[in-house]
Amino acid sequence: MQTIIQIDSALVWTGATADIDDHDGIPYGWVAVPAAPTLVEGEYAVVVGNGHVEVRSGQRPTPHVEKVTRRQFLQGLTRLGLRAPVTAWRATLDPADPAEQDLIDWYDASLHFERANPHLIAMAGAFGLTTAQVDAAFAMMSGL
């Protein structure tokens with residue numbers, strides 16, 4: 001038997017642990033470790049390589065999320081209190097302006113919203129959001 005722990009995209013242990021047969025493959029998003037870490041309040045565990053885990057304290061790293069679905073994005077905007085302002089912003093866009101029509105198409109027709117998309121970066125800038133705030137929003141949205 002071997003112990004595996006589930007990690008997020010920042011390589012931080014999610015708290016999920018399982019024991020699997022030595023001959024079973026390790027599922028995606030899981031890492032084999034000698035033993036599950038023991039944590040106290042305010043600590044988190046991060047995989048630093050080859051099954052080695054460090055226990056750290058302080059601010060947990062935010063998982064890097066590349067993209068979210070349209071549903072996750074819209075529900076995330078609602079939870080952040082941004083759904084109405086973004087909807088109002090979208091309503092001000094002029095379809096006669098080709099650049100603004102691109103924004104309209106992106107917002108109205110996207111099935112996924114990608115973190116690095118120039119339209120998303122422009123929209124975030126229009127609302128005064130920092131890179132860290134957008135990263136945190138995508139991490140939150142990915143769990144919806």
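By the 4.5 Å heavy-atom criterion applied to side chains, E114 and V68 are not counted as neighbours. Looking only at side-chain heavy atoms (C-beta outward), V55 and T38 stay at 4.5 Å or farther from each other. You'll find the side chain of V53 reaches within 4.5 Å of the side chain of I5, heavy atoms only. Contact of the M1 side chain with the I20 side chain is not registered, since no non-hydrogen atoms from C-beta on lie closer than 4.5 Å. Between L80 and M140 the shortest side-chain heavy-atom distance falls below 4.5 Å. In this structure, V12 and R60 have side chains that are in contact, with non-hydrogen atoms separated by less than 4.5 Å. Contact annotation: the side chain of L39 approaches that of W13 to within less than 4.5 Å [non-hydrogen atoms, C-beta and beyond]. Within the 4.5 Å cutoff, the side chain of L120 has heavy atoms near those of the F73 side chain.
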| side-chain contact (heavy atoms from CB on, under 4.5 Å) between R115 and D135, worked out | CA-CA 8 Å; R115 172 63 186 89; D135 288 342; 2.8 Å; yes
| request: Dump the intermediate steps for side-chain contact (heavy atoms from CB on, under 4.5 Å) on V134 and F127, then the final yes or no. | output: CA-CA 11 Å; V134 176; F127 287 92; over 6 Å; no
| task | Mind running side-chain contact (heavy atoms from CB on, under 4.5 Å) on I7 and V46 for me, showing each step along the way? | result | CA-CA 8 Å; I7 57 173; V46 62; over 6 Å; no
| message | Apply side-chain hydrogen bond (donor to acceptor under 3.5 Å, both in side chains) to residues E43 and S57 and explain how you reach the verdict. | response | CA-CA 4 Å; E43 292 182 334; S57 60; over 6 Å; no
| message | Determine whether K67 and N117 satisfy the following criterion, side-chain contact (heavy atoms from CB on, under 4.5 Å), listing intermediate values before the conclusion. | response | CA-CA 9 Å; K67 69 180 180 179; N117 184 291; over 6 Å; no
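The closest side-chain donor-acceptor pair between H64 and E66 falls under 3.5 angstrom.
At distances below 3.5 Å, not a single donor-acceptor pair connects side-chain atoms of Q75 with backbone N or O atoms of Q72. Remark: side-chain polar atoms of R56 are not paired, donor with acceptor, to backbone N or O of Y44 under 3.5 angstrom. No donor-acceptor distance shorter than 3.5 angstrom exists from the side chain of S110 to the backbone of Y107, with no hydrogens or angles considered.
Across Q101 and P95, no two heavy atoms sit closer than the pair OE1-CB, 3.1 Å. For the residue pair F138 and F113, the shortest heavy atom distance occurs at CE2-O, 3.2 Å. Contact between A32 and I26 at its shortest, heavy atoms only, is CB-CD1, 3.6 Å. The heavy-atom pair separating R79 from L144 by the smallest distance is NE-CD2, 3.5 Å. When every heavy atom of A139 is checked against every heavy atom of V65, the shortest pair comes out as CA-CG2, 3.7 Å. Residue R83 comes nearest to L74 through the heavy atom pair NH1-O, 3.4 Å, listed as atom of the first residue, atom of the second, then distance.
Residue pairs meeting the salt bridge (charged side-chain N to carboxylate O under 4.0 Å, His left out) criterion with at least one member in residues 86-111, sequence neighbours excluded, are R90-D108.
No single ILVMFWY cluster, assembled from side-chain heavy atoms under 4.5 Å apart, contains both L11 and W30.
One distance of note links CD1 of I4 with CG of D19; it measures 8.5 Å at 0.5 Å rounding. With rounding to the nearest 0.5 angstrom, the CG atom of D8 is 7.5 Å from the OG1 atom of T14. Note that CG of L103 is 9.5 Å distant from CE of M123, once rounded to the nearest 0.5 Å.
Classified by interplanar angle (parallel below 30°, tilted 30° to 60°, perpendicular above 60°), the ring pair H119/W106 is tilted.
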